[in-house]
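Convention: sequence-line order gives letters A, B, ...; per-chain numbering from 1.
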2 protein chains.
Amino acid sequence: DKALARAEIRQGVREIVLCKDGNGKLGIFTQSIDKGVFVTLVYKGSSAALAGLRFGDQILQINGESVAGWSVDKTISFLKKADGARITMAIRDRPFDRTVTVVKDSNNIIGFTFTNGTIDAIVKDSSAARNGLLINHQVVEVNGQNVVGLPDQELLQIFRESPRSVTLTIMPSFIYDYLVKKISAKDLKKMMDRAIPEL
Amino acid sequence: DKALARAEIRQGVREIVLCKDGNGKLGIFTQSIDKGVFVTLVYKGSSAALAGLRFGDQILQINGESVAGWSVDKTISFLKKADGARITMAIRDRPFDRTVTVVKDSNNIIGFTFTNGTIDAIVKDSSAARNGLLINHQVVEVNGQNVVGLPDQELLQIFRESPRSVTLTIMPSFIYDYLVKKISAKDLKKMMDRAIPEL
């Protein structure tokens with residue numbers, strides 16, 4: 001199943017290499033939580049997007065330096081000073097995310113309701129209920145494709161057009177809300193990379 | 001690595017079969033959160049322990065009935081009425097948990113501090129820092145073995161005696177605190193099954 005493979009959260013740590021664009025940008029926003037540095041916005045078409053960074057990825061090291069405990073300001077200033085030709089990062093794959101696969105019923109219904117992308121009710125006897133989907137969780141990817149910041153109507157359309165089996169990537173709302181609190185709704189919606197991950 | 005295999009959080013849903021003991025007990029406590037039913041205490045030597053249930057497992061179905069949205073009371077009363085000779089459950093493996101492997105340094109130091117099992121500081125330049133271990137997370141297993149409710153001194157002893165590579169199973173503190181809030185510290189410490197999971 002390609003959707004499942006695109007959504008799969010991989011164990012371990014991966015290395016990526018980035019370079020700054022003509023304006024000196026990598027194309028990411030970060031937020032710091034629990035002494036970890038997390039990717040909260042990946043600009044479409046940016047160097048970060050091309051390197052496969054995703055919303056929710058944890059940055060562990062930049063150019064060999066451990067970033068544990070770094071604030072957003074410290075992260076930005078370190079990246080600003082770094083040589084743009086080659087920046088290496090060690091990345092842990094979306095640690096706060098997990099995936100749940102549900103199957104739409106014969107009426108093309110997914111089995112849960114959501115508001116601003118947050119799951120707020122589970123339909124009785126639905127596939128979502130049987131698979132233990134939880135409320136108070138944010139839908140951040142559908143079949144591995146980023147949906148963060150999309151209006152509910154667009155998210156609903158994505159569910160309607162999905163194959164019957166739908167793999168959701170979800171994250172507890174209280175963490176999601178913290179990660180995006182500094183980003184405007186407009187930027188989240190317009191700027192976020194939503195390319196289909198390569199396999 | 002056996003420790004890593006014992007800690008591994010498996011995707012998908014597994015079926016288990018349980019029977020009540022001579023006192024009509026399965027040997028579990030549950031807590032309900034976000035419309036899901038979670039295992040919060042597995043009595044050592046109980047039918048539930050023998051069936052491989054673990055702290056943090058999500059119960060999806062009991063005897064074919066979906067438990068989505070069930071309260072603790074409803075779950076208990078359903079289990080009380082169920083025929084003790086054969087109870088089937090569909091289980092999702094510890095959805096709120098994830099694993100991080102750290103390596104102790106040459107002084108046998110693990111690289112973080114904890115209070116009541118909650119990680120509260122990461123040591124600079126340690127393996128914990130490099131691997132992105134987070135504060136505000138509860139250590140629930142060490143090398144796949146349950147440590148929920150153990151006093152800090154006993155947990156420290158387990159770290160001291162562990163092989164150099166230590167696989168931690170962690171859960172955000174705010175979820176952990178909610179899951180165990182109805183269980184006395186004494187019960188958590190004394191009753192919990194801490195058998196080494198079979199591979």
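- Comparing B/V13, B/N131, B/I9, B/L133 by heavy-atom pairs within less than 4.5 Å of chain A, the highest count is held by B/N131.
- Note: the hydrophobic cluster containing B/V100 does not contain A/I175 (ILVMFWY, side chain heavy atoms under 4.5 Å, direct or indirect links).
- Taking every heavy atom of both residues into account, A/I33 and B/L134 meet most closely at O-CD2, 4.0 Å.
- The environment of CZ in B/R86 is sparse: at most 12 heavy-atom neighbours from other residues, nucleotides or ligands sit within 6.0 Å.
- In this structure, the separation between CG on A/N136 and CG on B/D34 is 4.0 Å, given to the nearest 0.5 Å.
- Smallest separation of non-hydrogen atoms from B/A129 and A/S66: O-OG, 3.5 Å.
- Residue B/E65 does not touch chain A at all, counting heavy-atom pairs closer than 4.5 Å.
- Few gaps surround NZ on B/K44; more than 12 heavy atoms of other groups in view lie less than 6.0 Å from it.
- Each of A/Y176 and A/V139 belongs to its own hydrophobic cluster when Ile, Leu, Val, Met, Phe, Trp and Tyr are linked at side-chain heavy-atom distances under 4.5 angstrom.
- Counting heavy-atom pairs closer than 4.5 Å to chain B, the top residue among A/G36, A/G132, A/P172, A/A68 is A/G132.
- The distance from the CD1 atom of B/I135 to the NZ atom of A/K35 is 5.0 Å, given to the nearest 0.5 Å.
- B/F38 and B/W70 are not part of a single hydrophobic cluster, where members link through side-chain heavy atoms under 4.5 Å apart.
- Minimum interatomic distance between A/Q61 and B/R130 (heavy atoms only, all atoms of both residues): NE2-O, 3.6 Å.
- For chain A, the nearby part of B/R98 is the side chain; its heavy atoms alone come within less than 4.5 Å.
- At least one side-chain heavy atom of B/T99 sits under 4.5 Å from a side-chain heavy atom of A/Q11.
- Residues A/V102 and A/V142 fall within the same hydrophobic cluster, defined by Ile, Leu, Val, Met, Phe, Trp and Tyr side chains chained together at heavy-atom separations under 4.5 Å.
- Within 6.0 Å of the CD atom in A/Q153, the count of heavy atoms belonging to other residues, nucleotides or ligands does not exceed 12.
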